[in-house]
Amino acid sequence: MQSLKSEEQSHLQLVERDEIDEDEDLFEAIDKLTSHGINAGDVKKLQDAGIYTCNGLMMHTKKNLTGIKGLSEAKVDKICEAAEKIVNFGYITGSDALLRRKAVVRITTGSQALDELLGGGVETLQITEAFGEFRSGKTQLAHTLCVTTQLPTSMKGGNGKVAYIDTEGTFRPDRIVPIAERFGMDAGAVLDNIIYARAYTYEHQYNLLLGLAAKMSEEPFRLLIVDSVIALFRVDFTGRGELADRQQKLAQMLSRLTKIAEEFNVAVYMTNQVIADPGGGVFISDPKKPAGGHVLAHAATVRLMFRKGKGEQRVCKVFDAPNLPESEAISLQTITYY
């Protein structure tokens, strides 16, 4: 009886602390450095380099920061010291880590079966990768998430805006209209809350990510879509001679995606292509594997494999996830809402 009472008390303490944490900002604006003795001109230089939060500043190496024009090593040291006073990037207890997980928002996919497979939907603070052949439902899910992200949290939405980086020219705003109508939302308002950019080179793709910090620090974003993440890298780097360079550049871009997810508490949903696997063997019915190699595999938190089923069905399988059963597969209707 005594142990039950103590458990109830500890639960109450957790709830109280959780309520306190919810009132705090998700990130600290870079402007706060001025109150710790940093020159406003130096803060402006950081903003010009795409750094808008103290959290984001701590995700950069000092080598990167000294590369910003007008910032010497001494200035960078002083800036980092000031940022450390504002943001705690040291050790925390497991209980505090659990409380931080309370900030995670799960965005519905519009499919009950897929939500159940994902433990509630696509999560913020992580990268969700969907790979599969063409016409397997990856981009359709991206269009649906553009709408569901804008639903209130009471309806399993993210109550936030969407950023969409399109590398293959597959985004169709007219597809958003019937999906918005399905959820009882105003299509015009939904489209206004989506910022869209078409990328043509891998460098352009990376620069678009750098420019997002300014927008996300000012407005409530909950989703970043990159469709697809690997397409431009496969075009701009050719042959085995450029493979090492390609993977290095890909790693840098994926690192940037991870930092955006954690800095602004957004969900990153990226689609990926598949390649033939000659070493798959004759006994494997579907000898294909996701493109991008180990670099991409390690960056994605949750990996989903999409494939065509019978007729209009699509099958989604959790290929890799830290908290979901790997072998589970489900079948869902293709996400079309005409």
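Numbers here are sequence positions counted from 1. None of these values were measured; they are calculated from a predicted model.
Side-chain polar atoms of Arg314 and Gln140 form no donor-acceptor pair below 3.5 angstrom. Side-chain atoms of Gln205 and Thr167 include no donor-acceptor pair closer than 3.5 Å. Between the side chains of Asn55 and Glu263, no donor-acceptor pair is found at a separation under 3.5 Å.
Residue Arg100 holds its CZ atom at 12.0 Å from CG of Asn265, rounded to the nearest 0.5 Å. Atom CG of Leu46 is separated from atom CG of Leu65 by 7.0 Å, given to the nearest 0.5 angstrom. The CD1 atom of Ile107 lies 11.5 Å from the CG atom of Leu118; values are rounded to the nearest 0.5 Å. With values rounded to the nearest 0.5 angstrom, Ser217 atom OG is found 13.0 Å from Glu28 atom CD.
Other residues, nucleotides and ligands contribute over 12 non-hydrogen atoms within 6.0 Å of the NZ atom of Lys308. Environment of NZ in Lys78: sparse, with no more than 12 heavy atoms of neighbouring residues, nucleotides or ligands closer than 6.0 Å.
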Expected list for residues 239-248: side-chain donor-acceptor pairs under 3.5 angstrom, two or more places apart:
residue	atom	partner	partner atom	Å
Glu242	OE1	Thr238	N	2.9
Asp245	OD1	Lys249	NZ	3.2
Gln247	NE2	Gly292	O	2.9

Which donor-acceptor pairs under 3.5 Å do side chains of residues 228-237 form with protein atoms, sequence neighbours excluded?
residue	atom	partner	partner atom	Å
Ser228	OG	Ala231	N	3.3
Arg234	NH1	Gln273	OE1	2.7
Asp236	OD2	Tyr202	N	2.9

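In this structure, Asp192 has no side-chain hydrogen bond (donor to acceptor under 3.5 Å, both in side chains) partners at least two apart in sequence or on a different chain. Taking Glu219 as the reference, Lys161 meet the salt bridge (charged side-chain N to carboxylate O under 4.0 Å, His left out) condition, with sequence neighbours excluded. A search for side chain to side chain contact (heavy atoms under 4.5 Å, CB included) contacts involving Asn207 returns Leu210, not counting sequence neighbours. A search for side-chain hydrogen bond (donor to acceptor under 3.5 Å, both in side chains) contacts involving Thr170 returns Asp227, not counting sequence neighbours. Among residues two or more places apart in sequence or in another chain, the salt bridge (charged side-chain N to carboxylate O under 4.0 Å, His left out) test is passed with Asp48 by Lys44. For Ala299, the side chain to side chain contact (heavy atoms under 4.5 Å, CB included) criterion is met by Leu254, not counting sequence neighbours. Remark: Ala187 engages Val177, Ala180 in a side chain to side chain contact (heavy atoms under 4.5 Å, CB included) (not counting sequence neighbours). Residues passing the salt bridge (charged side-chain N to carboxylate O under 4.0 Å, His left out) test with Arg256, sequence neighbours excluded: none. Considering only residues two or more places apart in sequence or on other chains, Thr258 meets the side chain to side chain contact (heavy atoms under 4.5 Å, CB included) condition with Ile127, Glu262.
Taking the ring centre of Phe306 as origin, the terminal cationic atom of Lys317 falls outside the region bounded by 6.0 Å and 45° from the ring axis. Taking the ring axis of Tyr196 as reference, the NZ or CZ atom of Arg198 does not stay both within 45° of it and closer than 6.0 Å to the ring centre.
Applying side-chain contact (heavy atoms from CB on, under 4.5 Å) to Asp115 and the options Val122, Thr109, Thr148 leaves one that passes, Thr109.
Applying the salt bridge (charged side-chain N to carboxylate O under 4.0 Å, His left out) test to pairs two or more places apart or on separate chains, those with a residue in residues 63-77 are Asp42-Lys75, Lys62-Asp77.
For Phe221 and Phe264, the ring centers are positioned 6.0 Å apart or more.
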